[in-house]
Amino acid sequence: MVVTEPDKSLIRVVTCGSVDDGKSTLLGRMLAETDSLPVDIVEAARFTRRTGSAVPVGEIDYSLVTDGLEAERDQGITIDVAYRHLYLPSGRRAVLADAPGHEQYTRNMAVAASTADVAILLADAMRGTRTQTHRHLAVCALMGVRHIVLAVNKMDGVDWDRTIYDTITAEVRESAARHDVHDVISVPVSALTGVNVTSRATEIDWYDGPCMLEALDDLAVTSPVAQPFRMPVQIVLRSADFRGYGGLVAAGTVAVGSKVKVADSAQTAVVTRLLALHGEDSIELDAVPAGMSAAIELDRDLDITRGDLLASADDAPVPADRFSAELVWLGEEPLAHGRSYTLRSGPIDVPATVTAVRHRLDVTSGAELAARTLGMNDVGRVEFATGRAVPLEPYRDCHDTGGFLLCDRVTGDTVAAGLTRFSLRRSANVVQHDFTIDRAARQALNGHDGKVLWFTGLSGSGKSTVANEVARTLHGLGIRSYVLDGDSVRHGLSKDLGFTPEDRAENVRRVAEVARLMLDAGIVVLVSLVSPFRSDRRAARSLFEEDDFVEIFVDTPLEVCIQRDPKGLYAKAADGSLPNMSGVGQDYEPPTHADLVLDGQRSPSENAGDVLTAVGLA
Amino acid sequence: MSTTHAQIVEGRALADLEAEAIWVMRETAAAFARPVLLYSIGKDSTVLLHLARKAFHPGPIPFPVMHIDTGWKFREMIAFRDATAARLGLDLRIATNQRGRDEGVTPFTHGTQEYTRIMKTVALREGLDAGGFDVAIGGSRRDEEKSRAKERIFSLRESGHRWEPRKQRPEFWHTVNSSLVGGQTMRAFPISNWTELDVWRYVAAEELDVVPLYFSAPRPVVEREGVLVMVDDDRLPLAPGEVPEIREVRFRTLGCYPLTGGVTSPAYTVDELIAELQVNNMSERSGRLIDGEGSGSMERKKVEGYF
């Protein structure tokens with residue numbers, strides 16, 4: 001598609017208001033009276049009726065033309081965002097994202113607002129502004145909507161009383177200004193009777209402003225074309241004689257001859273070709289502006305992959321691994337401190353951990369409330385760390401490179417939408433010049449602390465089973481772990497050792513030292529080792545800080561272990577071929593001060609759960 | 001006041017829609033393991049295929065293309081499909097519910113709903129499972145039907161391809177949550193925000209070939225309950241006294257021929273067709289017998305795994 005008319009771009013509109021403000025009726029009327037709906041749909045709305053409808057059969061019940069799902073028609077509510085086309089008088093087209101009004105679906109409101117240029121906000125003249133009105137306004141402002149068209153609806157119900165209209169308008173303007181939104185156009189309407197919706201009202205002597213449709217059509221929406229060039233690389237494109245990068249231009253314009261670079265690299269390159277397919281012809285474009293998809297060829301190989309950000313060479317963002325952001329919490333489970341989520345921003349995919357909750361925002365009053373976590377529909381300010389440096393930019397500068405999602409690693413659900421405020425430090429510089437890389441730095445990169453969990457118990461007690469179960473859960477949480485298993489150590493590191501008390505002591509010492517190195521690497525180490533003697537275990541513990549070492553006794557009666565005998569060792573001990581078997585030929589000294597004692601006859605998952613709770617990882 | 005579609009000039013709007021669709025195509029190919037493009041031969045699929053070519057140009061389309069063949073498609077559709085696959089060198093997979101065919105499931109014997117469930121929904125589910133595809137690209141549009149107005153661009157399907165409206169993930173900006181757990185799969189709809197008219201304008205702008213059935217021509221039809229059904233082959237059972245007559249008809253949507261109603265129309269070219277659409281503003285699926293069994297039937301089919 002070759003762009004010829006840049007002024008006719010789509011205008012994206014979010015429509016929001018409290019339940020019963022009459023939104024469906026207003027939208028239905030706007031769509032129907034602009035011929036934006038198929039005639040058979042409109043005709044059907046003359047004769048279909050749902051319970052409680054006050055519209056006489058034969059007249060169009062406009063609220064019906066925008067209802068979608070059966071579940072919604074049954075309940076007479078809107079439960080999900082619906083997208084519709086509205087044709088404006090100037091020939092411009094609006095895509096309306098219709099967001100539901102009631103509180104539990106505020107997340108959909110945020111979705112609809114995230115891509116909107118303008119919000120249609122409804123208020124009910126008979127009831128005044130309500131908590132939801134301000135809440136929706138706040139969410140729109142937060143998501144970057146800069147223009148508001150306020151529809152003061154049901155004006156016929158208050159005899160077109162100017163004082164009421166002025167009060168509501170003033171309240172909304174004041175609320176908007178608090179959120180730094182200054183373009184509010186207020187329109188008095190009656191969606192039910194159709195006054196001032198698609199044509200100017202003649203019956204209101206005190207109002208000479210635009211009708212709803214004109215208010216929308218008159219909006220001048222700025223595009224991000226004037227900003228520095230940004231394109232998140234989605235995919236590397238290859239053919240016999242082409243290697244290039246595919247993506248959607250998020251800001252600015254890229255042209256043949258543009259100097260570009262990958263955000264965190266010093267190397268720059270020059271754009272040589274911008275390829276496109278038009279009909280059956282391969283064509284070369286001179287430039288690709290923001291909002292368009294591009295295929296960019298460079299004059300040299302910069303080792304670019306999916307997730308990299310191509311930016312103009314003289315104004316590229318500096319990647320960082322610590323950020324301040326606003327979060328809109330969407331998940332049913334509240335935000336968990338220290339838990340690792342997957343952060344996604346365009347093609348970026350990186351582990352991230354919320355390190356601090358600064359406050360929760362009372363979206364109605366704008367007050368910043370003390371908070372330790374965020375629950376569903378909460379908006380709050382947090383700090384977070386990413387597993388590697390990423391080029392997130394302030395959301396207000398560019399939505400595509402500043403907005404992100406947090407996804408639960410186990411359920412896959414999207415649990416939060418985030419809006420980057422700024423980076424807290426420039427990780428690249430800090431790491432390279434300002435400090436040595438120590439355990440704290442590595443833990444920060446991992447997004448969690450390291451720890452040593454030392455499982456002791458008889459052979460067959462279930463140590464390794466529990467340790468592996470713990471490791472599986474940790475992996476799901478994005479926590480780096482390693483199971484240091486007695487059996488595998490015996491095949492390599494300690495293959496020169498036997499099972500005499502002296503050799504066992506040396507084996508425990510080696511394993512403890514390896515665990516110490518791994519802890520220094522910032523990993524959660526799960527040691528699964530019989531380690532039968534108290535003195536050896538005490539020596540191992542002495543290598544660590546108190547908080548770093550957790551001794552876990554897997555307490556399973558010897559008879560049970562003998563019965564299980566997974567490796568056939570007890571059988572060998574019984575026929576005398578394994579004289580140093582712990583619990584048989586050699587003592588096993590149970591811990592007297594273990595940090596945690598597990599009943600080895602319970603299920604591994606129950607025990608793993610206890611371990612995770614005890615060490616504060618679940 | 002009344003603005004009709006005819007007055008609207010929107011070159012940039014179409015370019016915006018194209019850019020979004022290319023973004024979806026690339027994201028689907030890059031963020032998922034085994035994508036497949038569902039190709040139903042119609043105008044939407046034609047546009048979809050062209051957008052896929054654009055997205056990866058000058059490279060090839062990096063995923064296979066699957067057609068759910070019920071065995072009752074118009075013959076011209078099958079010919080067009082095979083010619084297109086050959087011309088573009090597509091990795092074309094054809095999925096048919098062979099068990100259904102063997103058991104003699106036809107639109108006439110099992111009723112349209114049951115026929116559609118067995119020959120389309122089940123065939124689709126089995127075809128996706130057999131290929132191990134974790135994401136399927138489809139040509140659904142939000143303007144087609146009420147329940148589709150609420151559809152995501154990336155629509156999550158639970159295990160067994162079930163669509164759960166309440167479990168859909170919120171979509172923000174150009175960021176897709178591509179996580180799939182516990183048998184979940186994804187459907188991707190690059191032309192979600194297009195209208196029927198957009199599709200035709202795009203066909204015209206890019207000079208794309210479509211199945212000739214979209215344009216009027218003398219065709220043998222019988223009229224049933226106001227719907228013109230084409231007698232595409234001798235498998236269509238005729239009622240006593242029912243005689244096919246030749247009429248100038250075209251088809252607004254293409255599906256299984258016994259279930260697709262034709263319209264009498266003087267539109268012989270894309271431009272004439274666009275002009276006609278601008279005047280005749282009936283919803284697109286009004287000619288489809290498949291949906292006419294109560295509003296909400298599409299929603300129920302989607303819950304079962306239909307597109």
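By convention in this document, chain letters (A, B, ...) are assigned in the order of the sequence lines, proteins followed by strands, and residues within each chain are numbered from 1.
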Heavy-atom contact with chain A under 4.5 Å, split by part of [X]:
X: B/Ala21; value: neither
X: B/Glu207; value: neither
X: B/Ser192; value: neither

Item to check | Given A/Thr414, A/Leu406, A/Thr342, the one that forms side chain to side chain contact (heavy atoms under 4.5 Å, CB included) with B/Asn177 | outcome: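 Of A/Thr414, A/Leu406, A/Thr342, side chain to side chain contact (heavy atoms under 4.5 Å, CB included) with B/Asn177 is met by A/Thr414 alone.
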Checklist entry - Under 4.0 Å between a Lys/Arg side-chain N and an Asp/Glu carboxylate O for B/Asp198 and A/Arg93? => result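 Here B/Asp198 pairs with A/Arg93 in a salt bridge, since their nearest N and O are under 4.0 Å apart.
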Checklist entry - Looking at residues at least two apart in the chain, or sitting in another chain, which of them share a side chain to side chain contact (heavy atoms under 4.5 Å, CB included) with A/Pro232? => result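 Per chain and number, A/Pro232 pairs via side chain to side chain contact (heavy atoms under 4.5 Å, CB included) with A/Ala250, A/Leu309, A/Pro347, A/Thr401.
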Checklist entry - Between the side chain of A/Gln234 and the main-chain N/O of B/Trp23, is any donor-acceptor distance below 3.5 Å? => result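 At least one qualifying donor-acceptor pair exists.
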Checklist entry - Backbone N or O of A/Gly247 within a donor-acceptor pair of the B/Arg26 side chain at under 3.5 Å? => result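 Pair found, side chain donor or acceptor close to backbone of A/Gly247.
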Calculate, to the nearest 0.5 Å, the distance between atoms [atom1] and [atom2] belonging to [X] and [Y] respectively.
X: B/Ser179; Y: A/Asp349; atom1: OG; atom2: CG; result: 7.5 Å
X: A/Ile235; Y: B/Thr28; atom1: CD1; atom2: OG1; result: 9.5 Å
X: A/Arg84; Y: B/Thr195; atom1: CZ; atom2: OG1; result: 15.0 Å

Minimum heavy-atom distance between [X] and [Y], given as atom pair plus value:
X: B/Trp173; Y: A/Gly418; value: CH2-O, 3.5 Å
X: B/Ala19; Y: A/Ser293; value: O-OG, 2.9 Å
X: B/Pro170; Y: A/Leu330; value: CG-CD1, 3.8 Å
X: A/Ala417; Y: B/Phe172; value: CB-CZ, 3.5 Å
X: B/Asn193; Y: A/His85; value: O-CE1, 2.7 Å
X: B/Val176; Y: A/Arg344; value: O-CD, 3.3 Å

Checklist entry - Would a 4.5 Å heavy-atom cut-off, applied to side chains only, mark B/Phe56 and A/Leu237 as touching? => result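 Touching, per the 4.5 Å side-chain cut-off.
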Item to check | Test item: B/Glu27 and A/Arg306 side chains (from C-beta on) under 4.5 Å apart, heavy atoms | outcome: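 The answer is yes; the side chains approach within 4.5 Å.
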Item to check | Partner of A/His278 by side chain to side chain donor-acceptor pair (under 3.5 Å), out of B/Lys54, B/His57, B/Glu206 | outcome: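 Among B/Lys54, B/His57, B/Glu206, the one that satisfies the side chain to side chain donor-acceptor pair (under 3.5 Å) with A/His278 is B/Glu206.
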Next on the checklist: Using the rule given for side-chain contact (heavy atoms from CB on, under 4.5 Å), can you reason through A/Thr115 versus B/His174, listing the C-alpha separation, both sets of side-chain angles and the distance that settles it, and then say yes or no?
Outcome noted: CA-CA 9 Å; A/Thr115 44; B/His174 291 103; over 6 Å; no
Checklist entry - Do you know which of A/Ser345, A/Gly279, A/Ser239 has the most heavy-atom pairs under 4.5 Å to chain B? => result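 Winner by heavy-atom pair count: A/Gly279.
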Item to check | Residue selection (most heavy-atom pairs with chain B, distance under 4.5 Å) from A/Ala113, A/Ala240, A/Ser282, A/Ala112 | outcome: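 Going by pairs under 4.5 Å, I would pick A/Ser282.
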Item to check | Interface moiety of A/Thr411 toward chain B, non-hydrogen atoms closer than 4.5 Å | outcome: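 For A/Thr411, the backbone is the part near chain B, not the side chain.
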Checklist entry - Where on A/Ala295 is there a heavy atom nearer than 4.5 Å to chain B: the side chain, the backbone, both, or neither? => result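 Contact with chain B involves both backbone and side-chain atoms of A/Ala295.
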